[in-house]
*Asks:* 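This structure is in structure tokens; I'll ask about it shortly.
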Number of protein chains: 2
Amino acid sequence: MIDSQAVFNYLQGLQSKIVEAIELVDGKNFLQDSWQRPEGGGGTSCMLENGNVFERAGVGFSHVIGNKLPPAASVAHPEAAGRPWEAMGVSLVFHPRNPYIPTVHMNVRFFVAKAPKKDSLDSLDLRAKQGASEADAQIAQILQQEESDETNIGTAPKGDEDIWWFGGGMDLTPYYGFEEDCVHFHRTNKEALAPFGNDYYTQFKKSCDDYFYLKHRKEPRGIGGIFFDDFHALGFEQSFAMMKAVGDAFLNAYLPIAQRRKETPYGERERDFQAYRRGRYVEFNLVFDRGTLFGLQSNGRTESILLSMPPIVKWRYDWKPEAGSPEAKLYTDFLIDKDWV
Amino acid sequence: MIDSQAVFNYLQGLQSKIVEAIELVDGKNFLQDSWQRPEGGGGTSCMLENGNVFERAGVGFSHVIGNKLPPAASVAHPEAAGRPWEAMGVSLVFHPRNPYIPTVHMNVRFFVAKAPKKDSLDSLDLRAKQGASEADAQIAQILQQEESDETNIGTAPKGDEDIWWFGGGMDLTPYYGFEEDCVHFHRTNKEALAPFGNDYYTQFKKSCDDYFYLKHRKEPRGIGGIFFDDFHALGFEQSFAMMKAVGDAFLNAYLPIAQRRKETPYGERERDFQAYRRGRYVEFNLVFDRGTLFGLQSNGRTESILLSMPPIVKWRYDWKPEAGSPEAKLYTDFLIDKDWV
């Protein structure tokens, strides 16, 4: 038996916990912006702009419901078409000011298409009144990834059961890389997943490397992390526990890196390289990220979807770092296929 | 009888003419970067970065050939599938430094799928050796727009004839608008098209408004201009003449505006608004522009495709200009559906 309310409560709590921790580190408070989605559901976007440590940091929570899942959205689960459905998630991107602190992204999400016989839509509606369009983006990501076989895990439920799954992950995008930071980030993720099965970290790391890849640049977005979707292999309780383990691991994975690098002196050169590299983040999110694209093309809440955009970005024609420079090191030593743990 | 060589010569000359004129205005020279496309063809990307008047200005020429047009690329002309084909174009985007000068985009292009009997591929190959991947973008734009009925003009050729068409247009994106600039830009376009038919300006202005629209913002990209595609209604000579008229009108349409505004004093506030609004340009080009997207997703030459990206861009959460401010005036008086002439 699934418990959507428990996931809802966890995700709202996770957003609050992360926002509070980042406010402590930064010294500046987030703007908290709640919104409703006319079609059902809503969310809260928390934004910290022009902070001391973070130049732009967004943490979005969203919860979206619908009465009928569109057939196009249920390719991998055709039996889910037409069912009442619900999607919820927390998604964040932090763009630090100091170029020695990496940019980070984390997302955890839950999707349910209710069994046709069960009469549990009312409870969905109730929650929906509390609080989507970054939601739209997240749902799109959830739904569209259904179409991909590679990250599907587990077996299809029977026609009279709820169809549900968890998804999520986190990935790190340094400007000036430090091996110990990459090892720490990956190790924290590996340890978070270890109680649930020995293979998950390896499997989810590969999915992350595959997904966060800029084909037109032949470059990974960063040094990776973990990425999973359509996860229900462990049953509801343990699958939920795994998603919680990932969500709970985020601050441990990222904050020590931010703390360690935030006083590192930097100048115009480093800021310039950071702004240039942030262009890659924009290119990935606007050209390749399924959730972002679907959200923007389908009447999502634009400002919540684009909380991932960097505060200042530069483009420069055919720029390449000088061989052997600290900037070149990013490409040669970090944006590579590597086992960090 | 079509004359691809004449179009090729015109387009190369147009690129040179525009580059020379802009160098005179700016005082700084373009970098000229020629490249080959392994699959056939090539191009020259001219970039001016960090100039006196233009912060980033790119003018690309490209010429791409192929032996077999893919079926997916010839939806509107299924008889063209498998034919040898050729595409060429000039595409430019100028991002001025002074926020009182608008950003501008212009593109003119030509596409041919050769009749199967004719043995004229050799001449294509010869030219191809001279000089694609912004080409890819342009071709994609050409090809994909084939799928749209709205801008298709004229009747389909017979199976044993060359299939060809012209496309192009220009559009203006102000930060601080001036009615006289908008009127001048549109009037110049209207006058360029007038010798070819009374309706073309009206028709192409509407296509431009429809195409350069950011659905996720419910905002036009700027104050429009003209846009046409799949144009062959006047026969080769006159259709070519019309494309030339558009290409030749560009400097007249834009330079007087740049000259008139380039000494207008501005400060941090205006630069900031310009950087914020440039975010819309990035969003349009990376999310909606067919040529850019197809090029990036299909192994085009990234740096040539992205010569349209602004030099410095800012994103800010849910920002709105103060009512009655000069920034608000852009939205209320310029980013609207309006007959400028």
Side-chain angles (χ1 to χ4, degrees), chain A residues 30-31 33 35 45-50 55-58 60 93 95 133 136-137 214-219 272 275-276 278-289 292-320, chain B residues 30-31 33 35 45-50 55-58 60 93 95 133 136-137 214-219 272 275-276 278-289 292-320:
Chain A
F30 280 75
L31 168 84
D33 199 5
W35 44 272
S45 296
C46 299
M47 282 300 305
L48 171 59
E49 290 188 305
N50 208 17
E55 202 173 353
R56 192 164 199 254
V93 173
H95 293 286
S133 284
D136 287 353
L214 288 83
K215 295 184 196 74
H216 65 296
R217 299 281 189 183
K218 297 185 173 63
E219 267 176 27
D272 211 49
Y276 172 77
R278 282 170 171 170
R280 302 293 208 270
Y281 220 82
V282 173
E283 292 172 19
F284 181 84
N285 281 14
L286 296 185
V287 178
F288 295 104
D289 190 67
T292 303
L293 278 183
F294 184 89
L296 293 181
Q297 289 166 350
S298 66
N299 208 24
R301 186 175 184 266
T302 296
E303 290 295 336
S304 296
I305 298 165
L306 296 184
L307 58 72
S308 62
M309 291 293 106
I312 306 178
V313 188
K314 293 182 181 177
W315 273 272
R316 200 179 309 161
Y317 182 75
D318 207 21
W319 182 82
K320 288 180 186 73
Chain B
F30 280 76
L31 167 85
D33 200 5
W35 44 273
S45 295
C46 298
M47 281 302 301
L48 171 60
E49 290 188 303
N50 207 17
E55 202 173 353
R56 193 163 198 254
V93 173
H95 293 286
S133 286
D136 286 354
L214 287 84
K215 295 184 197 72
H216 64 298
R217 300 281 190 183
K218 297 187 174 61
E219 267 176 27
D272 211 48
Y276 173 78
R278 282 169 173 172
R280 303 293 209 268
Y281 220 84
V282 172
E283 291 172 19
F284 182 84
N285 281 12
L286 296 185
V287 178
F288 295 104
D289 189 67
T292 302
L293 278 183
F294 184 90
L296 293 180
Q297 289 166 349
S298 65
N299 208 25
R301 185 175 184 267
T302 296
E303 290 294 339
S304 297
I305 297 166
L306 295 185
L307 59 71
S308 61
M309 291 293 106
I312 306 177
V313 188
K314 293 182 181 176
W315 274 272
R316 201 178 310 160
Y317 181 74
D318 207 20
W319 183 82
K320 288 180 186 75

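The analysis underlying the following values was restricted to heavy atoms, covering all of them including side chains, and did not include hydrogens, waters or symmetry mates.
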*Asks:* Under a 4.5 Å heavy-atom cut-off, does chain A meet the side chain of B:R316, its backbone, both or neither?
*Replies:* both
*Asks:* Under a 4.5 Å cut-off applied to non-hydrogen side-chain atoms, are A:L286 and A:M309 in contact?
*Replies:* yes
*Asks:* Let me know if B:L214 has heavy atoms under 4.5 Å from chain A in its side chain, its backbone, both or neither.
*Replies:* neither
*Asks:* As an exercise: rank A:N50, A:D33, A:N285 by heavy-atom pairs under 4.5 Å with chain B and give me the winner.
*Replies:* A:D33
*Asks:* In plain terms, say whether A:R217 and B:E303 are close enough for a salt bridge, that is, a side-chain N and a carboxylate O under 4.0 Å apart.
*Replies:* yes
*Asks:* When heavy-atom pairs shorter than 4.5 Å are enumerated against chain B, which of A:K218, A:E49, A:K314 gives the highest number?
*Replies:* A:E49
*Asks:* Hey, does B:V287 have a side-chain heavy atom less than 4.5 Å from the side chain of B:V282?
*Replies:* no
*Asks:* Does a side-chain heavy-atom distance below 4.5 Å link A:F284 with A:E219?
*Replies:* no
